[in-house]
Amino acid sequence: MIIYEDILRAFQKNKVKYVLVGGLAVNLQGAFRSTTDLDILVEMTDTNLAKIVKILKQKKYFVKQPVDPMGISDAATRKDWIENKNMKAFCFFKENGEQVDLIIDSPVKFTEAIKEADIQRIDGISLPVVSIRHLIKMKEKTGREKDKLDVSELKQIKKLKEIR
């Protein structure tokens, strides 16, 4: 069993277009990093976002902002939130502390990420994991200490994989 397995299985069943990023992607690329949330870069279409919101609501996730989460699946509303409310991510929470973050502001766009994604199969789930190259690019932009450590480790892993 993997963390957030129920969501990932639902994404696969409903053909959600996403790429795993963040701490879980760091782990799946071979580094060790403690993480408790699920960060995903998604295709920003109304249909795809509506599928994601529906799945998360069915799984009892909620947003803390005083908005209807389905608003993210409306292009005009989404544009307003990004441009006027400076939305960088859209976060869903569960009472048990689980968190799913839809990454909005990224130096790597979904269309780029999906082309180079490493498809990893775990327990019957095909997981699109952001490439090490793109993950490094994303982590370098944050400037956070934990991301600097991730970048260092990911660069070592990348070198090892290139030797093979």
Is any side-chain heavy atom of [Y] closer than 4.5 Å to one of [X]?
X      : Y      : value
His134 : Lys109 : no
Arg9   : Asp123 : yes
Thr36  : Gln99  : no
Val100 : Phe93  : no
Leu38  : Asp101 : no

Can you list everything that forms a side-chain contact (heavy atoms from CB on, under 4.5 Å) with [X]? Sequence neighbours excluded, please.
X      : value
Ser152 : Gln156
Lys59  : Asp6, Ile7, Ala10, Ile55, Tyr61
Lys57  : Val53, Asp68, Pro69
Ile82  : Arg78, Met87, Ile104

Those residues that, when tested against Tyr18, pass ring-ring contact (aromatic ring centres under 6.0 Å, His included) (two or more places apart): Phe11
Output the distance between atom CG (Leu127) and atom CD (Gln12), rounded to the nearest 0.5 Å. 7.5 Å
NZ of Lys51: more than 12 outside heavy atoms within 6.0 angstrom? yes
Going by the rule salt bridge (charged side-chain N to carboxylate O under 4.0 Å, His left out), which residues pair with Lys141 if we only count those two or more places apart in sequence or in a different chain? Asp105
Any chain of hydrophobic side-chain contacts (each under 4.5 Å) joining Val42 to Leu28? yes
Applying a strict under-4.5 Å side-chain criterion to I, L, V, M, F, W and Y, I'd like to know whether Ile114 and Leu24 cluster together. no
